[in-house]
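In what follows, a single structure is set out as structure tokens and then discussed.
Quick caveat: nothing in here was measured; it's all calculated off a predicted structure. All heavy atoms count here, side chains included; hydrogens, waters and symmetry mates do not.
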There are 2 protein chains.
Amino acid sequence: MIKKDSIKRRNTYQRQLILEILKSTTAHPTADWIYEQARKEIPNISLGTVYRNLKILKEEGLIIELTDGKQSRFDARIDNHYHFKCEKCGSIYDIEPEDIEINHSLEFKGFSIDTVDVNITGVCSKCNGENA
Amino acid sequence: MIKKDSIKRRNTYQRQLILEILKSTTAHPTADWIYEQARKEIPNISLGTVYRNLKILKEEGLIIELTDGKQSRFDARIDNHYHFKCEKCGSIYDIEPEDIEINHSLEFKGFSIDTVDVNITGVCSKCNGENA
DNA sequence: CTATGTGCAAAGTGTTTGCAAATTT
DNA sequence: AAATTTGCAAACACTTTGCACATAG
């Protein structure tokens, strides 16, 4: 497999906008939601463009993709953190690294670690408060 | 939304077979792989049946579903454990709970915890050994 | 000018579903 | 006999892609 010389990326308005939209929220939106927001600025932007740019932004390490079931969600927060998903309202919350402590002993078994992803499910404080 | 009285499940050969197949491997297979195995016993079983039964087995708590990107993978191991995915060969390994220690302090914030899922990526010992 | 990116629509992929016939209880 | 399950094929939801035109560098 020959690694293609990395492509020279342009700074298109579409790409900038998509990144901006993603940076402006902590809601871990889907491609479709981003598309709807983007249409407010560029009414005829296409969903394909949104997907293509999300892929590029991810390749460039500017965003991450959360694979929550069938639908991908995207996150412009790229520093170390984890996620909590509320089973009632579906919201995804960030978990700060200091709120969770993980120690693993895998390297000694010959495994190299690249990423550690923690996903917690449960019921969020809002939903816990509002129900009996 | 009225919760329908739980359905009385039958013990179909198809369902039993699918569970057996899943129990016989630690490879965290996809629905399609299970389908191919099942066809060896029931040549005209349909993929739809495989999906329907996987969903039922999951509802009954007999298997779990791993959502690794687009494609679901299934696991008949339902006791507490985590997963490691090798970026080179794509294999998914089980991580024993004693190999990883997690402490979180989320309950105090009003969040109730239901499941804690840890997914680690990296390079497995096999791939680390075989390459330079 | 030229390679990269866009919009559009069509195609792809994994999964779900409607239906009539078959099967379990 | 009644309700669940099956196989089949069509439908789905999300994502990717081919193409001709547009645009950034």
Side-chain angles (χ1 to χ4, degrees), chain A residues 3-22 28-60 62-75 90 92, chain B residues 3-22 27-60 62-75 85 90 92:
Chain A
K3 176 83 197 282
K4 179 175 189 180
D5 252 333
S6 80
I7 285 172
K8 176 78 159 297
R9 295 292 176 200
R10 291 184 190 162
N11 261 336
T12 63
Y13 181 36
Q14 284 87 340
R15 183 135 69 236
Q16 291 169 33
L17 177 61
I18 288 166
L19 182 54
E20 255 175 48
I21 289 171
L22 210 37
H28 313 84
T30 60
D32 208 67
W33 186 90
I34 296 165
Y35 170 59
E36 289 305 333
Q37 301 307 304
R39 292 223 289 178
K40 293 176 184 169
E41 281 297 310
I42 309 176
N44 69 330
I45 194 173
S46 85
L47 185 54
T49 294
V50 172
Y51 274 107
R52 272 186 289 234
N53 279 307
L54 287 169
K55 180 182 271 186
I56 291 169
L57 290 167
K58 185 181 154 193
E59 280 168 16
E60 316 245 292
L62 296 170
I63 66 173
I64 58 177
E65 182 175 3
L66 313 178
T67 156
D68 152 56
K70 345 262 88 172
Q71 224 174 340
S72 281
R73 291 176 171 277
F74 298 88
D75 194 348
I92 295 174
Chain B
K3 175 84 197 283
K4 179 176 189 180
D5 254 332
S6 80
I7 285 172
K8 176 77 161 294
R9 295 292 177 201
R10 291 185 190 161
N11 261 336
T12 62
Y13 181 35
Q14 285 87 339
R15 183 135 71 235
Q16 289 170 33
L17 178 60
I18 288 166
L19 182 55
E20 255 176 49
I21 289 171
L22 209 38
H28 311 84
T30 60
D32 210 66
W33 186 91
I34 296 166
Y35 171 58
E36 289 306 332
Q37 302 306 307
R39 291 223 289 178
K40 293 176 185 168
E41 282 296 311
I42 308 175
N44 70 330
I45 194 174
S46 84
L47 186 53
T49 295
V50 172
Y51 274 107
R52 271 186 290 233
N53 279 307
L54 288 169
K55 180 181 270 188
I56 290 170
L57 290 167
K58 184 181 155 195
E59 281 168 14
E60 316 247 292
L62 297 170
I63 66 173
I64 57 177
E65 181 175 4
L66 314 178
T67 156
D68 151 57
K70 344 261 89 171
Q71 223 173 342
S72 281
R73 293 176 170 277
F74 299 88
D75 194 347
K85 177 167 189 179
I92 296 175

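Counting to the nearest Å, the P atom of C/dT23 and the CZ atom of B/Arg15 are 16 Å from each other. Rounded to whole Å, atom C1' of D/dA24 lies 14 Å from atom CD1 of A/Ile56. If you measure from atom CD of A/Gln14 to atom P of C/dC8, you get 11 Å, rounded to the nearest angstrom. When rounded to the nearest whole Å, the span between NZ of B/Lys8 and C1' of C/dT24 equals 10 Å. Taking atom CZ on A/Arg9 and atom C1' on D/dA24, their separation rounds to 14 Å, with Å as the unit.
Checking C/dT25, D/dG25, D/dT5 against every side-chain atom of B/Thr12, the shortest atom distance belongs to D/dT5.
Inter-residue side-chain proximity for A/Leu62 and A/Leu22 is flagged as unmet; no heavy-atom pair is nearer than 4.5 Å. Proximity of A/Arg15 to A/Arg9: side-chain heavy atoms (C-beta onward) are separated by under 4.5 Å at one or more points.
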For this session: List the steps, then state whether side-chain contact (heavy atoms from CB on, under 4.5 Å) holds for A/Ile42 with A/Gln14.
Result: CA-CA 8 Å; A/Ile42 309 176; A/Gln14 284 87 340; 3.9 Å; yes

Problem set entry | Test side-chain contact (heavy atoms from CB on, under 4.5 Å) applied to A/Trp33 and A/Arg73, step by step | CA-CA 10 Å; A/Trp33 186 90; A/Arg73 291 176 171 277; over 6 Å; no

Can you give me the N/O atom pairs linking the protein to nucleotides 15-19 of chain C at distances under 3.5 Å, or say none if there are none?
from, atom 1, to, atom 2, distance (Å)
C/dT15, OP1, B/Ser72, N, 2.9
C/dT15, OP2, B/Tyr51, OH, 2.0
C/dT15, O5', B/Tyr51, OH, 3.1
C/dG18, O6, B/Arg52, NH1, 3.2

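Legend: residues meeting side chain to side chain donor-acceptor pair (under 3.5 Å) with A/Lys70, ordered by chain and number and at least two apart, are absent.
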